[in-house]
Number of protein chains: 2
Amino acid sequence: MSLRHAVLGLLAGGPASGYDLLRTFDLSLANVWPATQSQLYGELGKLEKGGLVAVAAEGPRGRKEYAITDAGRDELHHWLTEVEPTQVRRSDMLLRVFFLDRLERDEALAYLRRQAELAAERHERLVELGRTVAQGDDPLSVYGRIAMEWGLRASATQRAWAEWAQEQLAERQPPAAP
Amino acid sequence: MSLRHAVLGLLAGGPASGYDLLRTFDLSLANVWPATQSQLYGELGKLEKGGLVAVAAEGPRGRKEYAITDAGRDELHHWLTEVEPTQVRRSDMLLRVFFLDRLERDEALAYLRRQAELAAERHERLVELGRTVAQGDDPLSVYGRIAMEWGLRASATQRAWAEWAQEQLAERQPPAAP
DNA sequence: TTTCGACATGTCACTCATGGAATGTCGTCC
DNA sequence: GGACGACATTCCATGAGTGACATGTCGAAA
């Protein structure tokens, strides 16, 4: 439901072709809203049919440059200011936690340890990403950094949680004496 | 992809009908993996066809009580110990952040303020939930509390982030003098 | 000049998820 | 004994996401 708004949001920054958008997705939005070719081109077609975007120019290789229309701008504004974000709830990482008692104690601890590791890796990757890109002062970089900060805090939180959970488990069920 | 494992995980704790599972979902797993009737019954059918669960007994009103099979237990164990959780990435809340420069400053601040509010509400709801249920010492309660702790920390983190982001915005673009 | 990589769009088949509706049964309370 | 709420399953339409495949063009370098 939100891909259309992601497209509108990007086109609000200037006209672009499907191909352009695809690269922008990979570069900046991939972490919060990945999209495949088929989805993107399909969505562009639907948006055009709905009058929210229009073909502004045609280039070589069949390139079609899309531009946002006034109707599209209205829709984007409405989505940004009036539609409540749906909180993400599905997490197979947490789902597994519910079933940790189906495992041996060591296996359960290993699982939590692994989650701490993964969170640490994700954190590291974001720090790295922050060093290489998004140093600019342009709006997308500024807000990109704010979004990235979310990722940094989230991964740190997850790591701390996974370590805390290991302690809980260790305290609760001390291993049998040899 | 994980609904099947959620079902297997629950059935590993004892046989149950689709209806039973549905209620358990609503009570305990709803926060990490919601499921609808149609999905659940569909999944049970597929699992039975695949030999991972079997009808253990039939009751009144067409009730079919399903039990996990050895193959199902193997699959569950495999999923718990060897399959890496897919990190959740889609977030329309963060997607909007990228487009905040399309808004007036006040609108952008209002958006972030609202996200802080929502996080605080979610936190409050979890605290409340923690008071009313999950006081037991049974495995599902214990691990349920660990999962809940994740939610508590995540919502606290999100709130702090949204407040930080407001400050960033306020510092960066001081309102024009009157 | 040919060839190769980047540019560029599009389709298909499949699975997952959502939400709603239809259908019927059992037990209990009045 | 009738009405009602809880129990219980199944079907269907729609839309979103995935991944693979198909097709073709342009520019530059070897």
Side-chain angles (χ1 to χ4, degrees), chain A residues 1-8 10-11 15-27 29-50 53-66 79 83 85-92 95, chain B residues 1-8 10-11 15-27 29-50 53-66 79 83 85-92 95:
Chain A
M1 204 49 176
S2 288
L3 177 59
R4 60 189 303 103
H5 298 108
V7 171
L8 288 174
L10 288 179
L11 288 180
S17 71
Y19 194 79
D20 294 338
L21 293 175
L22 210 53
R23 274 178 314 168
T24 311
F25 262 87
D26 287 347
L27 284 176
L29 302 187
N31 291 298
V32 304
W33 204 276
T36 60
Q37 272 198 350
S38 19
Q39 265 179 290
L40 233 180
Y41 284 110
E43 201 60 52
L44 277 171
K46 281 187 243 166
L47 283 169
E48 194 194 354
K49 204 167 285 179
V53 308
V55 176
E58 307 210 2
R61 283 175 277 224
R63 175 190 174 93
K64 279 185 270 184
E65 205 166 62
Y66 291 94
W79 176 73
V83 181
T86 64
Q87 76 266 42
V88 185
R89 23 226 239 281
R90 273 197 181 80
S91 162
D92 61 335
L95 181 57
Chain B
M1 202 53 173
S2 288
L3 178 59
R4 59 189 303 102
H5 298 108
V7 171
L8 286 174
L10 289 179
L11 288 180
S17 70
Y19 194 80
D20 293 338
L21 292 176
L22 211 54
R23 273 180 314 167
T24 311
F25 262 87
D26 287 347
L27 284 176
L29 302 187
N31 291 299
V32 303
W33 205 274
T36 59
Q37 273 197 349
S38 17
Q39 266 179 286
L40 233 181
Y41 284 109
E43 202 59 53
L44 277 172
K46 280 186 243 167
L47 284 169
E48 194 193 355
K49 205 166 285 179
V53 307
V55 176
E58 307 210 1
R61 280 174 279 225
R63 174 192 177 91
K64 279 185 272 185
E65 205 166 63
Y66 290 93
W79 177 73
V83 182
T86 64
Q87 76 266 41
V88 184
R89 26 223 239 281
R90 272 197 182 82
S91 161
D92 61 334
L95 181 58

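In the text below, chain A, chain B and the rest are named by the order of the sequence lines, each starting its count at 1.
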Any Tyr19(B) side-chain N or O less than 4.0 Å from OP1/OP2 of dC7(D): yes
Nucleotide nearest Thr36(B) (side chain, heavy atoms from C-beta), chosen from dT18(C), dG24(C), dG10(C): dT18(C)
Shortest non-hydrogen contact from Gly18(A) toward Leu44(A): CA-CD1, 3.6 Å
Distance in angstrom units between Phe25(B) CZ and dA17(C) C1', rounded: 13 Å
Closest-nucleotide ordering on DNA chain D, the 5'-leading residue of Arg89(B) and Asp20(B): Asp20(B)
Residue Arg90(A), side-chain heavy atoms: nucleotide from dT18(D), dT18(C), dT10(D) that is nearest: dT18(C)
Side-chain donor/acceptor contact of Ser38(B) with base of dG19(C) under 3.5 Å: yes
Sugar-phosphate only, base, or nothing, as touched by Arg4(B) at under 4.0 Å among non-hydrogen atoms: nothing
Gap between atoms CD and C1', on Glu43(B) and dT10(D) respectively (whole Å): 15 Å
Separation of dA8(D) C1' from Leu44(B) CG (nearest whole Å): 12 Å
Full working for side-chain contact (heavy atoms from CB on, under 4.5 Å) between Leu8(B) and Val53(B): CA-CA 8 Å; Leu8(B) 286 174; Val53(B) 307; 3.8 Å; yes
Gap between atoms OH and C1', on Tyr41(A) and dG24(D) respectively (whole Å): 13 Å
Any Gln37(B) side-chain N or O less than 4.0 Å from OP1/OP2 of dT9(D): no
Value in whole Å for how far the P atom of dT11(C) lies from NZ of Lys46(A): 13 Å
Main-chain N/O of Arg23(A) paired with Asp26(A) side-chain donor or acceptor, under 3.5 Å: no
N/O (side chain, Lys64(B)) to phosphate O (OP1/OP2, dC7(D)) under 4.0 Å: no
Main-chain N/O of Asp20(B) paired to Ser17(B) side chain as donor or acceptor, under 3.5 Å: yes
Arg63(A) CZ - dG27(D) C1' separation (whole Å): 15 Å
Gap between atom NZ of Lys46(B) and atom CG of Leu3(B) - 0.5 Å precision: 8.0 Å
Rounded distance (Å) that lies between atom C1' of dC7(C) and atom CG of Leu22(A): 11 Å
Separation of dT28(C) C1' from Arg61(B) CZ (nearest whole Å): 11 Å
Nucleotide nearest Arg23(A) when distance is taken to its side chain, options dC7(C), dG17(D), dC26(D): dC7(C)
